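These numbers were taken from a predicted model, which means no experiment stands behind them. Quick note on labels: first sequence line is chain A, next is B, and so on, each numbered from 1.
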Amino acid sequence: MHEYSIIQALMQRVEAEARAHGASTVGRIRIALGELSGVDPELLASAYEVFRERSICAGAGMEIRAVPAVWECSSCRRPLARGERLRCPDCQSPARLASGDEIVLEQIEMEVADV
Amino acid sequence: MCDTCGCGDSEMVPIEIQERILSGNERTARHNREHFEAAGVFAVNLMGSPGSGKTAVLEATAGARRWLRIGAMSGDLATDNDAERLRKAGIPAASITTGSACHLDAELVHKALHELEDWRSLDLLVIENVGNLVCPAVYDLGQAENAVALSVTEGVDKPLKYPVMFRKADLVLITKTDLLPYLPGVSLEALMENLERVMPDPRVIPLSALTGEGMNLWLDWLEERYRAREVLAPAAHRHHGHESVHA
């Protein structure tokens with residue numbers, strides 16, 4: 001289960017960002033997770049629950065934005081239906097993944113001193 | 001904010017990051033890739049289920065003696081068995097014992113390079129990943145190519161169950177084809193059809209490390225990809241110790 005190592009990388013990133021902004025608390029984080037990212041959202045959420053205790057994210061919820069896999073033709077851009085062969089029915093070019101492999105930290109809500 | 005003097009009550013502020021969470025691993029992978037390219041070493045990340053025949057394919061690759069210098073590093077949860085098998089087959093091999101980790105990452109590969117003596121003189125470095133069709137697919141190691149071993153005994157629906165792994169594959173080796181006569185429910189056609197639903201342009205080589213059938217196609221593929229990289233990065237090869245990959 002690689003979700004733990006992903007959460008560790010995420011925590012390091014959040015902590016570095018909080019330090020850079022002089023934030024004492026993180027309120028919420030949002031990540032984007034592609035359907036073909038190879039990361040299971042439920043396992044990721046439970047790994048987060050384990051790791052956030054005693055971290056700067058102790059009080060922060062994690063929102064996971066699920067990104068569906070979208071395949072399209074690499075030359076004519078025609079979108080392909082789910083479960084189809086990954087080749088364009090019109091021009092026979094191989095498909096390419098337009099979106100759906102994201103493992104991205106999108107946003108952190110943090111408490112910063114209002115100066 | 002404090003009404004009296006405007007001093008800093010704090011407030012929650014959304015900060016946009018938009019950064020890949022594994023960017024640290026990706027940085028190390030780029031570093032490994034630069035090492036490999038500068039030394040003219042062709043690195044292949046070989047993945048697949050436990051027991052899919054990864055080590056057997058490498059033993060047979062060494063036995064074929066078409067590649068001058070092959071080296072390997074083997075990821076394993078607890079044992080040194082695979083690296084030991086490879087060393088017996090004449091392949092210098094470092095062992096990466098991952099403990100509980102189910103995959104190799106770029107940092108583990110980088111450390112293992114320090115344990116693999118004289119790796120810069122290799123033509124081909126095979127990174128034998130931990131047997132697993134899920135986690136290894138997520139981590140770039142700095143390899144030039146990803147190959148996935150899928151044995152016929154695993155059944156025809158593995159590509160549909162593990163689409164992420166197969167999407168990342170530059171090549172799929174369908175292994176243990178000598179067992180096909182005993183598996184009435186498994187055909188290469190059905191496997192191919194499922195691969196086409198998860199890979200846009202699948203390159204597939206059926207082979208048997210036991211009988212040697214198909215091994216030439218795998219060796220040809222290695223050589224073709226090795227040479228393609230040589231053309232792309234000829235400068236890298238000037239540092240290399242010898243001229244040809246032919247024995």
Do the side chains of Arg197(B) and Glu84(A) get close enough for a salt bridge, i.e. N-O under 4.0 angstrom?
no
Minimal non-hydrogen separation, Ile6(A) against Ile103(A), with atom names
CG2-CG2, 4.2 Å
Region of Tyr162(B) that comes under 4.5 Å of a non-hydrogen atom in chain A:
neither
Between His31(B) and His110(B), what is the ring plane arrangement, given parallel below 30°, perpendicular above 60°, and tilted in between?
tilted
Identify whether the distance between the nearest side-chain nitrogen and carboxylate oxygen of Glu17(A) and Arg13(A) falls below 4.0 Å.
yes
Counting heavy-atom pairs closer than 4.5 Å to chain B, which one of Glu3(A), Gln107(A), His21(A) comes out on top?
Gln107(A)
Can you tell me which portion of Met199(B) sits under 4.5 Å from chain A's heavy atoms? Options are side chain, backbone, both or neither.
backbone
At a 4.5 Å cut-off on heavy atoms, which part of Gln12(A) comes close to chain B: side chain, backbone, both, or neither?
neither
Any side-chain to backbone donor/acceptor pair from Asn32(B) onto Ala106(B)? Under 3.5 Å, distance only.
yes
Close approach to chain B in residues 24-47 of chain A, criterion heavy atom under 4.5 Å
Thr25(A), Val26(A), Gly27(A), Arg30(A), Ile31(A), Leu36(A), Ser37(A), Gly38(A)
I need the residue from Gly24(B), Cys102(B), Ala101(B) with the largest number of non-hydrogen atom pairs under 4.5 Å to chain A.
Cys102(B)
Main-chain N/O of Leu141(B) paired to Gln143(B) side chain as donor or acceptor, under 3.5 Å
yes
Give the ring-plane orientation class for Phe42(B) versus Trp221(B), where under 30° counts as parallel, over 60° as perpendicular and anything between as tilted.
tilted
Quick one: what part of Arg20(B) sits under 4.5 Å from any heavy atom of chain A, side chain, backbone, both or neither?
both
Electrostatic pair Arg227(B):Glu224(B) at N-O distance under 4.0 angstrom
no
Roughly how far apart are Leu125(B) CG and Asn45(B) CG, rounded to 0.5 Å?
10.0 Å
Please look at Arg87(A) and chain B and tell me whether the side chain, the backbone, both or neither of the residue comes under 4.5 angstrom of a heavy atom of that chain.
side chain
